[in-house]
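Numbers restart at 1 for each chain; the letters A, B, ... are given by sequence-line order, proteins then strands.
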Amino acid sequence: MKQFFYLLIIFLLFSGMSIAQQRVIKGVVKNEKGNVLVGANVMVIGTTNGTITDANGGFTLRINRDDAILKVSYLGFQSRDVPISNQTFLNIRLNSNSVGLSEVVAIGYGSMKSANLTNAVAEMKMNKVQNRPITGIGSALEGQLAGVRVQTADGGLPGAAPSITVRGIGSINGGTGPLYVVDGIPLSGGLDNISTSDIASIEVLKDAASAAIYGSRGSNGVVLITTKQGKEGGPVINLNVQTGIQEVMKTYQVMNRDQWIKFAIEERTNTYALNGGNPNVPIQDRPGFTAIDPKWISDPNSFPDNNWADLIYRKAPFQNYHLSVSGGSQNTKYYFGGEYMNQEGLMINSGYKRYSLIANVESHVNKWIELGLNLNANIASTTNPDAENIGGPVSRAVFMPPIVGIDQNTDATGFNPWVLSALVNPLQWAKQVTDPSNDSRLLSSFYAQVNILDGLNFRSTVSAGLQNSRDNYYMPNSINRGKGSLADFSTGMTVNLLSNNIFTYDNTFGKSHINAIAGFTAQKIDAQSNYAQATGFPNDAVRTLNAATQILSATSSTTGSRLLSYLARAIYSYNDRYLFTASIRRDGSSKFGTNNKWGWFPSVSAGWRISDENFMKDVHFINNLKLRASYGITGNNSFPGNNDFPSIGALAQANYVFGSGLGNKIIGLRQSTLSNPDLTWEKDKSTDIGLDIGILNNRISASIDWYDRLTYGLLLNVPVPQITGFSNAYQNVGKVDNRGFELELDAHVLTGRFKWDLGGNISHNKNTVKQLGPGNTPIPGVARGTIVSLTKVGDPIGSYYLIPVVGIFQTQEEVDTSPVSKVENPGDLKYKDTNGDDVINDADRQIVGHNNPNYIWGMTNSFQYKNFTLSVFLQGVWGNSLVSTSMAGEGQSRQNNLSLFLDRWESPDHPGNGKVPRAAVTANLTTASTFWMFNASYWRIQNISLGYAFPDELFHKIKGISGVNAYLSVENIASFDHYYGVPETGSQSNDPLTPGLDALTTYPLARTFTFGLNLSFK
Amino acid sequence: MILNLRKMKNRHYIILLLLSVFASACSDKFINFTPPSINSAEGFFNTKEGVDQAVIGAYNGLQEVEASNFAELMNEERSDNVWTPSVVSSYNDLSVQKFLVSSSEPFLDDAWSDTYDVIHRCNLVLENIGSVSFSDTTLKSQYIGQMEFIRALMYFDLVRYFGGVPLVTKSVTPEEATKIKRATVQETYNLIINDLKDAINRLPKTYAGADIGRATKYSAEGLLGRVYVAMGGYPLKAPMWSAAKGLFEDIISSGQFQFLPTYAGVFNLANENGPQCVFYVQFKAGANDVGNPIPTRNADNDVNPSTFPFGGSPDAPIVSQDLIDSYEPGDVRYAHDIRLKWVNKSGDTVSNLPTIQKFAQGTPAKASDWDINWPVIRYGDVLMMYAECLNELGYDPNGQAMQILNMVRTRAGLPSKTPAEIPNQQAFRAAMEEERRHEFVGENFRWNDLVRTDMAFDTMKHFLGEFGMGNNLKSRDQYLYPIPLQVLEVNPSMSQNPGY
């Protein structure tokens, strides 16, 4: 690494130098109509040598080589590379490039010019993330696309995929994530582990009209991932090396020893008094956890002051190497890529490693036949000492008091008698619990395309996807608090077979252009899972089940689904001005009830490019103006718990014992779910109206979308009257509406030598439940044994349903004259008697917040001067809340607590900040109240990166090297929020019914410092 | 065959070939995919084998309902037998003990829905069995009787927890269920009585071999007797003493049962399904999912696993000082039933947090997995209820009632009571109640005994008063629990109990 820095410095010094044989070249730059272009960029390729055209469109440049090539660019026009050879004056014409007219986007079963889009399709520019230490596609999307919410609910847990929602949450119990399609293959589960470096583009189909071509799987949006293909020429070899170091950016703040001791003495004294204890009993003789160690008072410094977070978290390296080779002839093109990524986790013994390989080959065998093969294999292995377990190290680093010894509180080392024995030492846990897991995936597809007539072809694709996962969990007896060593072993295998058969017709008749597809597809998914649990290991050396003496359980199960579909779509445009698209899909699925196996999914949309109309001719500053409108119906076939057979009333074992003496076990059965042959997919009908606008030759371009997405026939696990024998049953009832707007903006604020590009997006979404089960009965969400949320008509899904806190009781008089819930004293939380009945109880609960942000935004500013690029990426959400269930504080000083308790009420003279109650174990706190709720809005300086492109002239003598870029990047620089942990948390539950619940178990976020180097060879 | 790909004709053949291959896959058959790992309920209850297993499934429900977390909370921990100081390592709010129960507490929902789940299991058998052909019609009739017995036991639990409840005797759809209102307490008892009367006619006196443990005629008689005794007390105060007396006499005169000579023998694993058993819920350790969880539940969470295998639970009820103080010297049940001292994880002996240990017999196969069966009706209770009936029908200083009371006391190592000590009917009631407290500690009897004798209000007021919480008990409305919040929210036809 050191050597590289020396090289870098040397190159920088040399870069300013010029080499002899200079001469002058002049020229003029004009548009296709012959008008001069003022301020166009003229650069000698591979150098920092360049200029800008003057008021007459002219330029003068000194050059030192006749084989130099000029790159001429101007906003809104297609750039041109112009060889100089021996000329002295160049007359250069640029063709206009309104809205990247030639840019093509994937739309599912085909592609089209983005300029002619009539739907809401968002396109992710992969170059925006190339200098960032991105470990997965999900995190690459965060903050980049309007209407796409990426929530890293597991904080910085290595290998954890964030949850992604498009245009709000459209399902309560079914899946809420989009369908992922890689190179035309719909995946059977979540995101694939494909390297982001191998991805050419990501498009998100946001409205129902664009997603309807995916029918019963389209309603949560569709993410189309296209991997890189080779281009004619080459071979081009690209090596990308990233290396970095991660540190904890944000984790929970807790009390230190002295703060805890003061807190503990106060709490135990208060709790003792609250339970009617006699104050004359010596403090150490008081019962249970009201006893106080006299040494806390006499000699507090004799106790350890362990900061458990410091003990279990570390600075951890990150590295990523990616190599690709691509190229091809006129008939055959290839792209090969390989990546190795190694991310050690912030917590000791955690980490994520991934190997991936990709090979894409396509060949025109002859004039009629085209063949192609895509192979993508990756192996991801994760190690994680069960960090986010409710009793695991993240949580226990918060709860373990600082006075507990570094080895204490395991079964082997004994428990500190002054703290809760349920708390297991987080350091020992992180060291001793192991959970290596492995996820191997192979996605392969082969296609044959027959070009039947001009403009008509038929492509048949067969694809096989394999996913294999393995997980071996082990908890030593010592960490399991003497309940025996425990090992879990699970494996899973999914096979995803697909046949796609599509006719495509594409032709132009005069001013009309038509693109049409028709075809059918069949997809077959089979999955098997195995699980075994065992105990009785002689020691902790061998942790696989062969060493166990007792199998506690062993099971396997098989599931799967079948999907048969017919689809058709027609795109028609007249004069590139009037644009129409219509599509239809018919899906038959094995998942649905016998009465509802088949469904139709139609869509229509239209666009009008107003800027091309004659009456707009004189409006010069607007170069593009397009109005779009779309309507479509899609479905969601992802049932709760990935249940492939939800309509079937299932039987479950219900065993008993008969026979004399101790008896024998007899197998019995009970019906465990209600059957419902009418059960079917959730339906989504959505309308989108959009406006695309380009101003000043696209110096500013923007897209504005307004949408209304109504999901109906929601697959609700409706609470049914328990007298049926069931508490819940799935029914297609309920409606939820997501309505909002999105704005994407791109501005070239400064052009010329100092460039400033600004890209930003902001989206607003309002989620409203419109209808629920029988009688619109609200659905409560339970956590920690109490209701915390309520899903009811008129409010967002999973709204927090808590009793408002109005403050802290300051005096006994205030307690005596106020309505109380249980037993309350001065210093306790004062609840609001919202219904005015002078009693505090469940009837005083109110909808007080929700976890859906009102606004999500992201903004990238990038600056370029000469060969330097500086990019600053900010992102955030605004207007949502979270619930931290640990605020119930049942344990108080039996454990440690968040540092917010330092601002507690101590006495009327020391009332704290007026928000935090006194220290005491009391039922007052366990009431689910707004004391548990926090503002979850945040914004973050997500990334700053500085890149340098080495001038070609430094390397043109070194054979083969065609480009060198180096960059420094810092991820997660600073977070601005209102929570004592990670605000996008959801580690306890991120179920739509109980969203955003934190139990102080969220893995910390990492701040990553990265150095990267990108080398290209020719 | 070599295809000349340059010829248009051949290209068309290829396409036709490809199409025909895929079209053959495109039929409804492709999507009619049956679940490989799911056992479907479709048609299951219409076969004899299905009914056999469904009956076992209903018995399985008894394990979840009778020896459960909520049953101990609502029947034992509600009473003066238990007081868990809030300083022990329990996360329980213990609102049950403090009489601060609110309708949103999850255990209420468990009690309601788990009990109705078992009722539904019985209903599925009862409504389908008619059309299933059995070569053994006696067996068919016995199955009906067994389901009626279990259903009656479930409604008897419900009526004492919640008062009158919706009466469901066949499977209903969610829509139908929302229209079913609560019945009165009397109507609920009528259903229980009808079920049990029919069951008595259908059930055999004994079972042999692999069927031992199923409900017998005497199980049903014992339960009906207990129902009548309960009806004689609060709230109905409908004297059914003679009817109860007749039922108990039928059991006693059968000669099938025995009042075991030692108290410890009642709980000895060697006597599982022995002559003291009128009806027990069956458990077995080491068989994966049919073990008794209660002994683990009753041990403190901090108990050392080396002295108590696999440790205890955070839900363990702590025996109240009031119960400790109530034992007479020499009562063998005191040491047998109460774990006065135990070793914690730090190796220290804890003597100020006594727990219940009477069911901790033998060794568990894992935590919450014990062999011991759970007594629903044991013979001692039949005798003691019989004695109560006799006393209610007329005090007799030297009668059978007095003999039974003293039989129980003698076995417990206590001196007999004399007519001078129990001079009248009222005194006998009190003595019997006190004896029941010690005979059945931990068996989920105490709270219901206090309620039916209407002693609960004064007893618990005094008991709570010792902790400064006397005012938490406001009225006899708290004899019942609130209808769970979730039940009210799902069903508009439901109404809350007074006082909640």
B:Val281 versus chain A, the contacting section by heavy-atom distance below 4.5 Å:
both

Checking heavy atoms, do the side chain of A:Ala650, its backbone, both or neither come under 4.5 Å from chain B?
both

Determine the interplanar angle of the B:Trp112 and B:Tyr116 rings, folded into 0 to 90°, and report it as parallel if under 30°, tilted if 30 to 60°, perpendicular if over 60°.
tilted

Test: B:Glu64 and B:Arg121 ion pair at under 4.0 Å:
yes

Tell me whether the rings of A:Phe658 and B:Tyr59 are parallel (<30°), tilted (30 to 60°) or perpendicular (>60°).
perpendicular

Whatever's closer than 4.5 Å to a heavy atom in chain A on B:Thr178 counts as both

What part of A:Leu674 lies closer than 4.5 angstrom to a heavy atom of chain B: side chain, backbone, both or neither?
side chain

Pairs of heavy atoms under 4.5 Å with chain A: top-ranked of B:Glu489, B:Lys366, B:Glu175
B:Glu489

Heavy-atom cut-off 4.5 Å, strictly under: side chain, backbone, both or neither for B:Phe467 against chain A?
neither

Chain A contact via B:Thr173 - which portion, at a heavy-atom distance below 4.5 Å:
backbone

In terms of heavy-atom pairs under 4.5 Å with chain A, which of B:Ile372, B:Asp289, B:Leu100 leads?
B:Asp289

Contact part of B:Leu485 toward chain A, heavy-atom cut-off under 4.5 Å: side chain, backbone, both or neither?
side chain

At a 4.5 Å cut-off on heavy atoms, which part of A:Arg481 comes close to chain B: side chain, backbone, both, or neither?
both

So, the part of B:Asn271 with a heavy atom under 4.5 Å from chain A: the answer is neither

B:Ala367 versus chain A, the contacting section by heavy-atom distance below 4.5 Å
neither

Sort A:Thr559 into side chain, backbone, both or neither according to what part of it lies under 4.5 angstrom from a heavy atom of chain B.
backbone

So what's closer than 4.5 Å to chain A heavy atoms on B:Ile119: side chain, backbone, both or neither?
neither

Side chain A:Gln550, main chain A:Thr535, donor-acceptor under 3.5 Å
no

Identify which part of A:Asp526 has an atom lying under 4.5 Å from any heavy atom of chain B, answering side chain, backbone, both or neither.
side chain

Which answer fits A:Gln528, side chain, backbone, both or neither, if we ask what part of it has an atom under 4.5 Å from a heavy atom of chain B?
neither

Report which part of B:Val172 has an atom under 4.5 Å of a heavy atom belonging to chain A: side chain, backbone, both, or neither.
both

Honestly, the part of B:Tyr280 sitting under 4.5 Å from a heavy atom of chain A is backbone

Given heavy-atom pairs under 4.5 angstrom as the criterion, report whether the side chain, backbone, both or neither of A:Ser727 touches chain B.
side chain

